[in-house]
Each structure stands twice: as structure tokens, then as C-alpha cells.
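Remember, it's a predicted structure, so these values are computed and weren't measured experimentally. In listed order, ligands and their atoms are each counted from 1. The basis for the numbers below is simple: all heavy atoms, side chains too, and nothing from hydrogens, waters or symmetry mates.
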Amino acid sequence: MSEIEGEQLWPDLAKELAFDLAGLAQVVTIDEDATWALSDEVGKLHSCYRGAVRLYWPPRKRSDASLHFSSTVWTASELISNDHDGKGLNRLRAALRRTLMSTAVLSIPSPVAAREIEAEVARQRISELEKRAAPDSEELAIARLYLSENEQLKRKIEQLEAELAKAAARAEAAAHSLSQLKATESDDDESEQGQVASTEPAVGETRFYKKTHSKGAYDVLVEVKGCDHTAWQNSASADKARKGLERLTGRDDWKSLLHCGTCTGGGMWKVRW
Ligand SMILES: [Zn+2]
């Protein structure tokens, strides 16, 4: 995960992720200098900067022994846009847990020894029954039948689970190839990090920005999808937002800058360019 102007997108984000993903993934925080070094190393398509969180899967070896690299990104803009109710952090944690745990579960089949022990226990029970009941009783015949059927079914299930894991891996690879293809198609200067192309705002366009944290003289802003609220108002803290907006966009020619009075956590701004 990358920092945005020296801060994590949410306090303790790295700590929470490391807690959730212990044993499944390594969580690494990189500062701004490191984001540049990382981009040089892995290329723009797999870069991680300005508050983004990127999941790097273990590289796969192609048939010619070169490495196939695959990653999934959550940009600060997406994460903050999705945080309209203050539960964005929990959603990210849940998404990462779900993704990693469901993948891990497919790659760890239950040990064959466990099934063998279960089968042995069942056989022992039957042999105890045999000592007590008449060896050719109907009950024993039924129990033996169930036992053998049970073992057959368990073997069948294991075989199907292995096939399912292979199919799921193929589906994951296909979905990834598709996203790579889409990224390549739009891979001009504006599709960095696989996020929506961020173009210069046009005259008359309305855009939304949200504060992630404050830097003393200015607020650190991220462009977001915006909210459906209607309580837009002038605000006393607009000065810091103004400076932050100038820093982010390199412009100061917006027509209006209004603050949302309803958004929890505050810091949501509507800008008319
Ligand atoms: Zn709002």
C-alpha cells in the first residue's frame, strides 16, 4: 500500500490489513520515493501510488520460463468514493479477506490422511458390531453397504474439488487476461493504475473532491464520484480546501467551491469549473 502525502488513506490501514491477512499475504507500506522505484521495476500497469492499495499475486512461470505478473488495484479515488457511509475501510478489508481466503482455500486440499482415519474408525465400529450381532444380519449388511458407498463418494468429491480448483484457477486467469487486455487497449497516458482516465475538467463541468487528511496549510484532496446530498454550502474551512485543490489540479480558475453539509466525516467538495 502506498501513502498519500505522507499518510495512509485510513489510519492503521496497513496494520488492519496485516492482521486480516496474516499467513496469506505480506503487507508492505511504501512512501512516495518508493512508489517511483516500484513503477520503474514493475511498469506503469502494476504501479501503486497516491494512497492506492495493490494486490500482487505470486508470479506465474510461462512455458518459456519468463514470469507472468498479475495484480489488482484499489485506487484512493475508488476507495474514498466508496466510503460515503464511513465503512469504506471495512469493505476493503472484507474484499481482500474474501479474495485471498477463497483463493487459499482452493489451493489447500484437505489431507488424504484425514479421510483414511475417518474410514478406519468406521471400519472399527463395524467390526465391533460384527462381534455383537450375527455376522450375516441385515443391519450389518446395510452398514457395510453404506461404508463402501461413503468411501466411494468421498473419493469422487475429492476428485471433483480438484477439478473445480483447476477450473477456478483458469477462470481467474481468464478474468485477469481480460482486464490486462482492457488496460492495454486504453493504455495511453491517462489510464495509469487502471483507473478511469482523469482528464482536465471542461468549462461548466462539475466535479467532486474529498479530503483525506490535512497538511497544515492545505487539505490533501482526492477526486471522487461525489454524493447525492443537496446541502451544498460555503464553508469557513474553504481556504485549506482551495489550496489543496490548486495543488491537486494545478489550476485556480474554478467557478464555485461548495462544501457538503451532510456527508459524514466532512471534507466533501463540489467544484464547478
Ligand atoms: Zn455529501
Side-chain angles (χ1 to χ4, degrees), residues 1-17 20 29 32 48-55 72-99 190-273:
M1 48 162 296
S2 58
E3 294 180 336
I4 181 164
E5 304 211 14
E7 301 269 347
Q8 304 184 4
L9 203 57
W10 290 290
D12 290 334
L13 172 58
K15 218 172 99 188
E16 309 267 28
L17 294 184
D20 289 345
T29 313
E32 212 166 312
C48 180
Y49 58 89
R50 248 192 109 70
V53 176
R54 192 179 275 275
L55 175 60
T72 315
V73 74
W74 289 263
T75 63
S77 177
E78 278 172 63
L79 291 171
I80 298 290
S81 294
N82 197 22
D83 191 25
H84 44 84
D85 53 2
K87 290 180 185 157
L89 170 59
N90 286 343
R91 269 192 287 272
L92 173 65
R93 289 178 65 174
L96 276 165
R97 270 201 307 263
R98 201 168 47 240
T99 308
E190 287 153 355
S191 67
E192 295 179 28
Q193 292 202 349
Q195 65 185 332
V196 189
S198 174
T199 50
E200 285 279 307
V203 176
E205 199 181 335
T206 298
R207 294 211 182 175
F208 297 87
Y209 301 87
K210 189 154 168 72
K211 168 185 157 183
T212 63
H213 62 284
S214 185
K215 270 286 191 187
Y218 63 94
D219 287 343
V220 178
L221 299 178
V222 173
E223 189 177 332
V224 294
K225 280 197 206 99
C227 59
D228 304 325
H229 302 138
T230 50
W232 297 99
Q233 53 204 216
N234 285 305
S235 162
S237 63
D239 196 42
K240 291 175 85 175
R242 218 172 275 134
K243 285 187 183 131
L245 190 57
E246 270 184 53
R247 257 183 87 85
L248 180 68
T249 61
R251 290 171 57 164
D252 60 358
D253 58 338
W254 56 86
K255 293 197 182 73
S256 69
L257 173 72
L258 294 171
H259 180 251
C260 179
T262 315
C263 267
T264 48
M268 175 70 93
W269 299 90
K270 182 161 96 168
V271 176
R272 241 180 93 78
W273 288 95

Original post:
Asp253: what forms a salt bridge (charged side-chain N to carboxylate O under 4.0 Å, His left out) with it, not counting sequence neighbours?
Top reply: Arg251
**OP:** Taking Lys255 for its side chain and Trp273 for its backbone only, find out whether a donor-acceptor pair lies under 3.5 Å.
**Re:** yes
Review item, side-chain donor-acceptor pairs of residues 3-10, under 3.5 Å, at least two apart:
from	atom 1	to	atom 2	distance (Å)
Glu5	OE1	Tyr218	OH	2.5
Gln8	OE1	Leu13	N	3.0
Gln8	OE1	Ala14	N	3.1
Trp10	NE1	Asp83	OD2	3.3

Original post:
Would you say Ser214's side chain and Asp219's backbone share a donor-acceptor pair under 3.5 angstrom?
Top reply: no
Subject >> Those residues that, when tested against Lys243, pass salt bridge (charged side-chain N to carboxylate O under 4.0 Å, His left out) (two or more places apart) >> reply: Asp239
**OP:** Without swapping roles, check the side chain of Arg93 against the backbone of Asp20 for a donor-acceptor pair under 3.5 Å.
**Re:** no
**OP:** For the Zn ion (ligand 1), state how many protein N, O or S atoms fall inside a distance shorter than 2.8 Å.
**Re:** 4
